[in-house]
Amino acid sequence: MSSLKFELLKQSERSKARRGRITTLHSVIETPVFMPVGTQATVKALKPEEISDMGARIILSNTYHLYLRPGHELIKEAGGLHKFMNWDGSILTDSGGFQVFSLGKLRKISEEGVKFQSHIDGSSHMLTPEKVMEIQTALGSDIMMAFDECAPYPADRNYVKNSLERTSRWLKRCKEAHWNTEKQALFGIMQGGMYKDLRKLSAEQIVEMDLPGYSIGGLSVGEPKEIMYDVMDECVDYLPKEKPRYLMGVGSPDCLFEGVARGIDMFDCVLPTRIARNGMVFTSEGKLSIKNKKYERDFTPLDHKCDCYVCRNYSRAYLRHIFKANEILSSMLLSHHNIYYLVNLMKEIRLAIEEDRFEELRTRFYEETGDTWKL
RNA sequence: UCCAAGGUAGCUCAAUGGUGGAGCACUCGGCUGUUAACCGAUAGGUUGUGGGUUCGAGCCCCACCCUUGGAG
């Protein structure tokens with residue numbers, strides 16, 4: 001019995017969009033799917049049952065952060081990450097590869113792995129493919145990500161090539177260190193920066209490993225959207241149709257549409273929760289900054305088309321007030337709305353694909369949200 | 001009534017006699033595998049009032065007004 005099953009339910013004929021279903025030990029996940037991010041074993045400001053009630057069946061957490069604090073051994077002792085954080089759906093754990101990018105000044109890369117200086121206490125730690133697999137095995141995630149290097153943008157071709165080839169070698173080591181194959185699936189990560197031929201090279205090297213799923217990494221790292229879409233166009237074609245494709249770190253509503261249209265099945269992003277804590281929300285009419293004075297006496301809901309708990313019970317005026325007053329409830333309510341918005345958006349997208357009207361939904365989305373998502 | 005300390009941005013406070021600043025608040029913007037309840041920008045001033053000394057005063061001198069504390 002395999003740790004992960006992917007069924008391709010429908011392939012759209014007018015685009016690469018497709019409907020699928022992933023089954024892991026903990027849940028059945030309808031795709032395309034958006035995965036909320038819970039880096040430190042919590043989707044910030046939200047209770048697991050809220051996320052579950054919205055219909056989300058999978059969330060993402062992070063190897064690097066949990067290894068540093070509270071430590072993977074402790075989580076193993078607690079009975080695994082699911083039990084520890086009270087989440088009974090599926091969990092995908094990122095490998096710490098993104099931290100190679102985001103903690104740029106605090107790390108040193110070698111063939112063996114990456115030496116990090118903890119951003120918490122400055123202590124030194126070595127993450128290797130083997131170590132990362134050990135940590136993710138202890139956490140007990142349903143989907144483990146291979147250890148990769150997320151190259152910065154811009155980066156010169158030579159750097160990107162060396163980096164991607166090392167990532168491929170690290171993937172091989174991850175696979176060799178992967179023993180809990182009955183319960184946990186390992187995904188490989190494509191790199192290659194903005195160079196299409198390098199994307200192809202990376203894809204060939206990782207697909208050869210015959211893994212249950214593949215992701216596209218190294219995008220949405222500061223490049224213009226046109227470039228990201230352009231690279232995505234090609235990337236997907238290099239990945240097998242019968243395996244789930246995961247675009248890492250992408251999650252603005254427009255990018256979700258563009259990703260789905262290009263054949264992506266899975267997405268994750270900190271955007272909805274982060275911008276919520278900073279007073280920004282998604283609505284059916286585009287972005288809305290609850291900080292703006294124009295909402296001071298606006299007693300209507302955030303989004304009149306939304307039927308989430310927040311939109312059913314609170315006004316913009318109230319949400320503005322608690323945000324300005326720096327009340328904790330502000331983060332809770334705005335995060336709830338934003339996650340609901342994306343989870344629901346994906347639900348609509350799945351239905352549209354089933355009914356052969358994804359393109360119409362996509363067009364309508366851009367019409368209704370105006371220039372909010374302009375490139 | 002006397003004594004003391006003090007009056008500088010909306011608030012709390014900086015500023016050897018030499019171009020009046022900061023934090024917070026306000027207004028706006030940004031955030032894409034979380035080092036982020038974060039970061040950035042705009043705006044905001046007759047330095048309590050009136051005199052004086054000085055090339056030059058928020059700062060020194062005089063008077064007055066106001067605030068706080070103490071004494072009676």
Side-chain angles (χ1 to χ4, degrees), chain A residues 34-46 58-66 68-69 91-107 116-122 132 141 143-151 153 167 187-191 215-225 228-229 232 246-256 258-259 264 266-282 287-296 320 322-335 338 342 372-373:
Chain A
F34 173 78
M35 306 181 282
V37 177
T39 304
Q40 309 210 65
T42 166
V43 176
K44 292 182 192 293
L46 297 179
I58 180 168
I59 62 170
L60 178 145
S61 195
N62 189 282
T63 299
Y64 169 82
H65 292 272
L66 296 180
L68 285 186
R69 183 173 58 191
I91 298 176
L92 180 152
T93 42
D94 187 23
S95 61
F98 186 70
Q99 279 63 47
V100 180
F101 162 76
S102 64
L103 300 177
K105 275 164 286 193
L106 298 173
R107 62 23 172 198
F116 284 101
Q117 212 178 327
S118 162
H119 67 283
I120 301 166
D121 63 8
V132 158
S141 47
I143 300 174
M144 307 188 282
M145 297 308 299
F147 194 46
D148 68 323
E149 182 196 352
C150 179
Y153 174 85
T167 290
F187 277 25
I189 305 175
M190 181 208 293
Q191 288 292 341
S215 70
I216 299 171
L219 286 182
S220 198
V221 287
E223 77 282 9
K225 283 181 183 173
M228 180 173 84
Y229 295 156
M232 274 166 54
Y246 164 30
L247 177 58
M248 307 186 80
V250 166
S252 64
D254 58 329
C255 291
L256 294 180
E258 298 311 309
I264 303 292
M266 305 164 71
F267 303 86
D268 80 279
C269 198
V270 304
L271 197 65
T273 45
R274 179 183 292 173
I275 66 173
R277 293 192 304 281
N278 296 325
M280 188 80 74
V281 293
F282 301 131
K287 279 190 292 192
L288 183 154
S289 176
I290 203 62
K291 296 185 259 195
N292 292 170
K293 190 169 178 63
K294 59 183 168 185
Y295 303 122
E296 190 174 29
R320 178 175 195 271
I322 59 173
F323 177 84
K324 306 277 306 177
N326 211 6
E327 285 293 337
I328 296 167
L329 186 61
S330 170
S331 291
M332 296 165 63
L333 296 180
L334 298 183
S335 296
N338 274 354
L342 289 188
T372 298
W373 312 111

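Protein chains get the first letters and strands the later ones, always in sequence-line order, with residue 1 at the start of each. The analysis underlying the following values was restricted to heavy atoms, covering all of them including side chains, and did not include hydrogens, waters or symmetry mates.
- Considering CZ of A:Arg274 and OG1 of A:Thr39, their distance stands at 8.5 Å, rounded to 0.5 Å.
- The A:Cys255 side chain lies nearest to B:rU32 when the options are B:rG30, B:rC28, B:rU32.
- Look at the C1' atom in both B:rC24 and B:rG6: the space between them is 22 Å, to the nearest Å.
- Across the P atoms, B:rG58 and B:rG18 are found 10 Å apart, a figure rounded to whole Å.
- Base pairing of B:rA4 is made with B:rU68, judged by Watson-Crick or G-U wobble geometry with both donor-acceptor distances under 3.5 Å.
- A 3.5 Å limit on both hydrogen-bonding distances identifies no Watson-Crick or G-U partner for B:rA37.
- Within the structure, every side-chain polar atom (N or O) of A:Arg277 is placed at least 4.0 Å from both OP1 and OP2 of B:rG30.
- Within 4.0 Å of A:Gln191, counting heavy atoms only, lies at least one base atom of the nucleic acid.
- B:rU32: no Watson-Crick or G-U partner with both key distances under 3.5 Å is found in any strand.
- The nearest whole Å value for the distance from the CG atom in A:Leu329 to the P atom in B:rA37 is 17 Å.
- Distance CG (A:Asn278) to P (B:rC39): 10 Å, rounded to an integer number of Å.
- Using cut-offs of 30° and 60° for the angle between ring planes, the A:Tyr64 and A:Phe116 rings count as tilted.
- Under 4.0 angstrom from either OP1 or OP2 of B:rU34 there lies at least one side-chain N or O belonging to A:Thr39.
- For the P atoms, the distance linking B:rU12 with B:rG72 amounts to 31 Å, nearest Å.
- As rounded to the nearest Å, B:rG50 and B:rU8 have P atoms that lie 16 Å from one another.
- For the OP1/OP2 pair of B:rU32 and a distance below 4.0 Å, the side-chain nitrogens and oxygens of A:Arg274 include at least one atom meeting the criterion.
- A:Gln40 has no side-chain polar atom (N or O) that falls below the 4.0 Å cut-off from OP1 or OP2 of B:rU34.
- Atoms CG (A:Asn292) and P (B:rC26) sit 13 Å apart, rounded to a whole Å.
- In this structure, A:Ser102 reaches the B:rU35 phosphate: one of its side-chain N or O atoms is under 4.0 Å from OP1 or OP2.
- Using P as the reference atom, B:rC2 and B:rU46 are 32 Å apart when rounded to the nearest Å.
- Within 4.0 Å (heavy atoms only), A:Met280 reaches at least one base atom of the nucleic acid.
- Distance, A:Lys324 NZ to B:rC24 C1': 13 Å, rounded to whole Å.
- Neither OP1 nor OP2 of B:rG29 sits under 4.0 Å from any side-chain N or O of A:Lys287.
- Of the two residues contacting RNA chain B, namely A:Glu296 and A:Ser331, the nearest-nucleotide position lying further toward the 5' end is that of A:Glu296.
- A:Arg107 places a side-chain N or O within donor-acceptor distance of the main-chain N or O of A:Val100, the cut-off being under 3.5 Å.
- Nearest to the side chain of A:Ser289, among B:rG29, B:rU32, B:rG33, sits B:rG29.
- As rounded to whole Å, 10 Å separates atom P of B:rG33 from atom CE of A:Met248.
- Only the C1' atoms considered, B:rC59 is 15 Å distant from B:rG52, to the nearest whole Å.
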- Message: Apply side chain to side chain contact (heavy atoms under 4.5 Å, CB included) to residues A:Ile58 and A:Ile143 and explain how you reach the verdict.
- Response: CA-CA 10 Å; A:Ile58 180 168; A:Ile143 300 174; 4.1 Å; yes
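- If you measure from atom NZ of A:Lys105 to atom C1' of B:rU35, you get 10 Å, rounded to the nearest angstrom.
- The distance from atom CD1 of A:Ile275 to atom P of B:rC28 is 17 Å, rounded to the nearest whole Å.
- The backbone N or O of A:Leu271 lies less than 3.5 Å from no partner atom in the side chain of A:Asn338, so there is not a single donor-acceptor pair.
- Between the CD atom of A:Gln191 and the CG atom of A:Leu219 there is a distance of 8.0 Å, given to the nearest 0.5 Å.
- Side-chain to base pairing of A:Asp148 with B:rG33: one donor and one acceptor N or O lie within less than 3.5 Å of each other.
- Side-chain proximity of A:Val250 to B:rU35, B:rU34, B:rU32: nearest is B:rU32.
- Among the heavy atoms of the strands lying under 4.0 Å from A:Gly218 is at least one base atom, whether or not backbone atoms are also near.
- Side chain of A:Lys291 to main chain of A:Phe323: no donor-acceptor pair is present (N/O by atom type, distance under 3.5 Å, no hydrogens or angles).
- The P atoms of B:rC26 and B:rA63 are separated by 43 Å, rounded to the nearest whole Å.
- Annotation: the span from A:Met248 atom CE to A:Asp148 atom CG amounts to 6.0 Å, rounded to 0.5 Å.
- The partner of B:rG10, taking Watson-Crick or G-U wobble pairs whose two distances both stay under 3.5 Å, is B:rC24.
- In this model, the phosphate group of B:rU35 is approached by a side-chain N or O of A:Gln99 to a distance below 4.0 Å at OP1 or OP2.
- Checked against B:rC28, B:rG33, B:rU32, the side chain of A:Asp94 finds its nearest nucleotide in B:rG33.
- Rounded to an integer number of Å, the gap from A:Leu60 CG to B:rU34 C1' is 10 Å.
- Distance check on atom P: B:rG40 versus B:rA22 gives 13 Å, rounded to whole Å.
- Within 3.5 Å, a donor on the side chain of A:Thr273 pairs with an acceptor on the base of B:rU34, or the reverse.
- Looking at heavy-atom distances under 4.0 Å, A:Ile189 makes contact with a base.
- Within the structure, every side-chain polar atom (N or O) of A:Asn326 is placed at least 4.0 Å from both OP1 and OP2 of B:rA25.
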